[in-house]
Amino acid sequence: MTERIKRMVDHILKETIYPPAVEIEYDRADFLLTDTHRETKRLCEYILAQPIRIPEEARLAGMLKFGKFPYPADFMSKHGMRYAGDLFAHFRSYNNANPPFEDFKFWEWQHATADYKKFIELGTEGIKEQIALSLRKHGGDAEKTEFLLACRMLCDAIADRADNYAEKCIAMADEADADRRAELLRLSDILHRVPRYPARNFYEAVQCLYFCFDFLPDSLGLPDRWLYKYYRQDIGSGTITEDFAKELLQELYIKIQSYTPLDGHFYRGGQCNFSLGGYTVDGEDGYNDFSELLLTSLLDLPLYIPEVTFRWTKKTPTALLSHILDLSRKDKNGRIAFVSDEAKIPLMTELCEIPWEEAVEYVTVGCNAIALSGGMMYSSGHANLTKALHDTLYTERDSILKADTFEAFRTIFEKHLRRLLERNIEVGDKFVTHAARDECVLGSLFMRGCIESGISMTKGGAIGFADFPGDGLMCTIDSLAVIRQFVYDEKTVTAEVLLDALEHNWEGHEDLRQMILKQAKFFGNDDEETNEIARWITTYVATFAKKRTDALGKHFIGIIAPGYGDYNTYFGRVTGATPDGRYAGESFGVIGAGQTGGKDRNGLTALLNSVAKYDPMHFYSGITVTNVNLDAPLLYDDAHFPKTVKLIETYLANGGAQLQLNTVNAEELLDAKEHPDNYKNLRVRVSGYSDFFTRMEEERQDNIIARTILK
């Protein structure tokens with residue numbers, strides 16, 4: 001990195017550079033306006049009243065926060081989102097704030113990714129033309145007309161703020177030396193151009209992206225697609241050099257890292273994500289020379305945010321996958337995750353009826369969730385799939401004792417599973433319709449679909465998905481596999497004895513528990529019996545959800561426990577003992593799709609094979625993670641590394657949806673837990689994001705310690 005970039009990095013790692021939000025006084029006559037008009041008018045005034053700060057040596061301008069604005073503005077931080085706030089207060093558990101609703105459901109964060117391409121290619125003036133078309137279309141609808149007029153007001157406020165920055169540059173140039181004066185005057189010209197008008201070159205496009213980021217500070221989406229033509233154009237004409245482009249991108253990353261305050265989630269990578277590579281509309285692999293520049297520019301910086309997801313396709317050369325894995329193994333901050341388009345895209349096209357040309361533009365948001373480009377993740381929250389098993393085992397004793405085959409037991413379980421899935425939709429719809437009472441005009445301006453429909457993103461106007469339960473899925477699979485193996489196939493224990501053991505939380509039945517832990521065919525060992533159960537459950541849920549939509553008309557995709565909250569622990573606390581040997585109240589253990597606690601006995605190949613096979617309809621490819629703890633030589637020994645690359649390539653080709661790698665061992669983690677001051681720089685992949693191990697909650701530390709070291 002250059003000396004300028006190094007100084008910027010050093011600065012933001014020690015000090016929050018975003019200016020604090022300032023409060024302003026509003027005209028009391030605003031209360032005579034409608035809610036939408038009043039809130040938007042005040043939002044525009046707020047935007048234009050916030051400090052204009054251009055740090056020393058900066059070549060990109062922006063830096064805006066909505067922390068003290070009382071109405072819906074920044075959708076990512078949810079400030080002013082009154083009705084979503086109700087749900088967070090009463091139905092969300094973070095650090096064990098609330099128990100799950102009805103022992104199975106939490107409200108959760110919703111992510112969105114701005115349509116940066118629209119702003120870069122059209123500018124606010126072009127977007128106002130889209131608004132004018134929509135106004136003509138919806139002219140007879142007063143509510144939609146008011147919403148669209150509010151969008152138009154915000155277009156002008158955003159562009160006017162850029163003009164204010166441009167004037168600030170001119171004022172600063174008067175007192176700068178010759179070199180800095182030239183930089184500031186150039187930046188002033190750019191800010192008079194973007195985001196009001198379309199970007200004409202690479203510098204303008206990057207400035208436009210960053211200026212817009214502050215209005216919806218979530219995922220960066222697909223920058224290797226949106227910025228590529230500007231990069232190739234300017235490199236080809238000699239207008240810029242690769243070194244200039246790299247330095248500009250690095251300043252962009254620094255500004256994005258600095259958006260999260262030092263006393264917030266500054267060290268957690270899930271605050272911002274973006275994707276590289278993947279299929280293009282013409283069916284080719286999209287990783288290009290600019291993708292490489294975006295990635296290496298990031299990894300050259302000692303930052304934690306943003307993180308990046310590499311989208312693999314069957315057309316990705318093995319040499320490229322090897323190269324990305326090589327970069328990943330050398331990245332001490334663990335910023336790279338891997339996903340397979342071969343799993344993600346069929347989920348969208350086949351189950352959610354998303355056209356191919358939209359599906360290939362999917363992006364990663366938050367903790368490796370997915371969204372459509374310029375779309376929203378309409379989450380209704382995490383749900384405890386294991387509750388269906390719990391209710392079967394603890395309320396159906398007589399029926400279970402009469403079931404003389406596993407198929408008969410399966411029928412009893414499916415009754416409770418279907419009841420749970422139906423209830424999940426009912427409760428989820430109540431959650432999302434309550435949250436839909438908020439109207440977020442600013443966020444909607446950056447979404448695809450809101451201007452066209454005249455409907456706020458919070459009310460369903462944006463493109464996007466809803467989610468469906470899967471927390472505790474691996475516990476459910478393992479428990480059903482135990483019942484089938486010991487009660488029905490081998491007949492080594494009766495259903496009555498097993499039910500008694502569960503009701504007494506294994507007390508007096510420790511020998512049985514130990515036999516199960518030692519001899520059971522658990523998920524992750526690539527045995528056909530367990531794989532079959534996994535396919536049965538995931539197919540059942542996918543078939544149930546297919547063609548259904550939530551209250552806002554969004555198709556469902558599966559979710560398995562990523563995020564900052566330790567949902568396997570929260571749900572485990574309200575779930576009785578389970579046949580896999582788990583005690584009542586104990587965590588489900590596995591985060592995402594995988595295995596933990598030494599139950600994956602047959603090595604890395606077997607685990608990856610099981611995960612690749614468990615979900616034939618790709619329903620749970622949507623929001624999931626697969627954590628793998630590798631024995632260090634598999635990654636760091638050059639003699640082993642090519643075999644590891646091939647193994648991961650096979651996993652992704654066979655249906656594996658996501659993968660994130662750690663190489664720390666349990667002994668090191670235990671010592672870090674005992675002596676945290678000796679391990680301040682130890683980072684691990686957690687649940688779709690990376691974090692410092694010693695900063696985590698104890699439950700998360702214990703989960704990571706319990707992950708098997710695979711050889």
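Counting only residues at least two apart or on different chains, the salt bridge (charged side-chain N to carboxylate O under 4.0 Å, His left out) pairs with a member in residues 209-229 are Glu121-Lys229, Arg225-Glu361.
Taking the ring centroids of Tyr378 and Phe465, they lie at or beyond the 6.0 Å cut-off. Aromatic pair Tyr679/Phe692: ring centres not closer than 6.0 Å. Ring to ring, His265 and Tyr564 are close: their centroids are under 6.0 angstrom apart.
In this model, a donor atom of one side chain and an acceptor atom of the other lie less than 3.5 Å apart for Arg683 and Ser690. Between Glu292 and Tyr287, the side chains place a donor N or O and an acceptor N or O closer than 3.5 Å (distance only, hydrogens not considered). No side-chain N or O of Gln233 forms a donor-acceptor pair with one of Asn201 less than 3.5 Å apart. Side-chain N/O atoms of Tyr304 and Asp691 include no donor and acceptor closer than 3.5 Å.
The local environment of NZ in Lys168 is sparse, with at most 12 non-hydrogen atoms from other residues, nucleotides or ligands closer than 6.0 Å. At most 12 non-hydrogen atoms from other residues, nucleotides or ligands lie less than 6.0 angstrom from CZ of Arg82.
Here Asp300 pairs with Lys246 in a salt bridge; the nearest charged N to carboxylate O distance falls below 4.0 Å. Salt bridge status for Glu39 with Arg42: absent, with no side-chain N to carboxylate O gap under 4.0 Å.
Every residue two or more places apart in sequence or in another chain that forms a side-chain hydrogen bond (donor to acceptor under 3.5 Å, both in side chains) with Thr316 is listed here: Asp285, Thr313.
Note that Lys344 lies outside the cation-pi zone of Trp312, set by a 6.0 Å cut-off to the ring centre and a 45° limit from the axis.
With a 4.5 Å cut-off on side-chain heavy atoms, Thr113 and Ser373 do not count as touching.
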